[in-house]
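Note on naming: letters A, B, ... go to the chains in the order of the sequence lines (proteins, then strands), and numbering restarts at 1 for each one.
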Number of protein chains: 2
Amino acid sequence: MVNQAESILKSSALSITSSRKKILDVFLSASTALAHQDIEKLADQYDRVTIYRTLQTFLDRGIIHTIPTTDNTIKYALCSDDCISSGHHHDNHVHFLCDQCGRTLCLDDVMIPAITLPNGYSMKEINMVVNGICKLCRA
Amino acid sequence: MVNQAESILKSSALSITSSRKKILDVFLSASTALAHQDIEKLADQYDRVTIYRTLQTFLDRGIIHTIPTTDNTIKYALCSDDCISSGHHHDNHVHFLCDQCGRTLCLDDVMIPAITLPNGYSMKEINMVVNGICKLCRA
DNA sequence: AGTATTTTGCAACAAAGTTGCATTCTACAG
DNA sequence: CTGTAGAATGCAACTTTGTTGCAAAATACT
Ligand SMILES: [Mn+2]
Ligand SMILES: [Mn+2]
Ligand SMILES: [Zn+2]
Ligand SMILES: [Zn+2]
């Protein structure tokens, strides 16, 4: 495949534009989840509004997912392949926030355990976020 | 006990002021977690800045806790009694966000299950948030 | 009651997010 | 390969959210 970003856009039936490619490239080369501000800096040739709208589009198509954090900053990360291809989004891994370096990580190997809700409640989505010290900061 | 709000303030060694009492009363009579904006409306005789500072004070003392949400709005809720009295905060129950009515609830009876992190990661705090339809909306 | 200390309100500001609209770009038909 | 409809973008203006410094007011304590 010549261009990974383009192929993601194609399989989501999105038109291929330079800003979308750039923002996808930013995600593809990032090792962590990104805040809106991170993306603004890494794709600073594009307008802030365009980034807002592009992220929303990617969320709608299930290309990226959000990670809720305790400090009122949303982080965004690429969905894994099967997450994208399966039509609707189902993110079932735990997320980790390092209190020291501030990085947010998808722990793709750590599944969210099942829980039992009280009677009358139905679950659509579940998120598990762990704060602590990451591998790199620990070393 | 004459006044629950006052007694909470006293046991946290905070001076008793009318805004703190009012904001505590708002929490005490709320059945759900509250956004900052909710509190602004329910205690609208006080300045927005005072509410920011009061919530921060309550967080510092472990009187309230935050609930991270997927839509970038922090919700605040009273901590349970043992949560307050034990000195430092340890919130170990699941939170529920209703996609229909928008309410955020502490599921005090649903404990967060344990997970195993990859080698090198240490856990300080854990949050579990479930989205779905709540009991009241289901009925 | 008097006073040191804390808390509050206000103003000014900074940052984050939204909206309408004119311009530019993309996909696609012909 | 063009022409064009529709989509995406940039810009400006705006709203909302959160922060800071400081003077005035309130609280706790002597
Ligand atoms: Mn993830
Ligand atoms: Mn709670
Ligand atoms: Zn770290
Ligand atoms: Zn509901």
Practice task
Send over the distance from B/I74 CD1 to D/dG18 C1', rounded to a whole Å.
Solution key: 11 Å
Problem - Where A/K21 and A/A5 come nearest, the two heavy atoms and their spacing - result: O-CB, 4.0 Å
Practice task
Between B/V49 and B/S15, name the one whose nearest nucleotide on DNA chain C is closer to the 5' end.
Solution key: B/S15
Practice task
Would you kindly compare B/R53 and A/S19 by the position of their nearest DNA chain D nucleotide and give the one closer to the 5′ end?
Solution key: A/S19
Exercise for the section: Please report how far the helix from C/dA1-D/dT30 to C/dG30-D/dC1 bends, comparing the axis fitted to its first five pairs with the axis fitted to its last five, to the nearest 10 degrees. Expected result: 30°
Exercise for the section: Between C/dT26, D/dG10, C/dG17, spot the one nearest the side chain of A/R48, thanks. Expected result: C/dG17
Practice task
Select base, sugar-phosphate, or nothing to describe what B/R20 touches, counting heavy atoms under 4.0 Å on all strands.
Solution key: sugar-phosphate
Handout entry: Separation of atom CD in B/E40 from atom P in D/dG18, rounded to whole Å
Key = 8 Å
Problem - Separation of D/dC11 P from A/I51 CD1 (nearest whole Å) - result: 12 Å
Problem - Out of D/dG10, D/dT17, D/dT9, whichever nucleotide has its closest atom nearest the side chain of A/T17 - result: D/dT9
Exercise for the section: State yes or no: are the ring centers of B/Y52 and B/H36 separated by less than 6.0 Å? Expected result: yes
Exercise for the section: Calculate the interatomic distance between B/K41 atom NZ and D/dT16 atom P; express it in whole Å. Expected result: 10 Å
Practice task
Nearest whole angstrom, please: distance from the P of C/dA16 to the OH of A/Y52.
Solution key: 7 Å
Practice task
Report yes or no: do A/F27 and A/Y46 belong to one cluster of Ile/Leu/Val/Met/Phe/Trp/Tyr joined by side chain heavy-atom distances under 4.5 Å?
Solution key: no
Problem - Heavy-atom closest contact (B/S122 atom, B/L117 atom, distance) - result: C-CD1, 4.2 Å
Handout entry: Pairwise distance CD1(A/I8) to CG(A/L14) - rounded to 0.5 angstrom
Key = 10.5 Å
Completion exercise
On a heavy-atom basis, the closest approach of B/G102 and B/K75 is O-NZ, 3.4 Å
Exercise for the section: Round to a whole Å and report the spacing from NE2 of B/H36 to P of D/dT19. Expected result: 9 Å
Handout entry: Short side-chain N/O contact to D/dT16 OP1/OP2 from B/Q37, under 4.0 Å
Key = no
Problem - Pair A/T54, A/T50: side-chain N/O donor-acceptor within cut-off below 3.5 Å - result: no
Problem - Whole angstrom value for the distance that separates C1' of D/dC29 from CD1 of B/I16 - result: 14 Å
Practice task
Could you check how far CG of A/N72 sits from P of C/dA16, rounded to whole Å?
Solution key: 11 Å
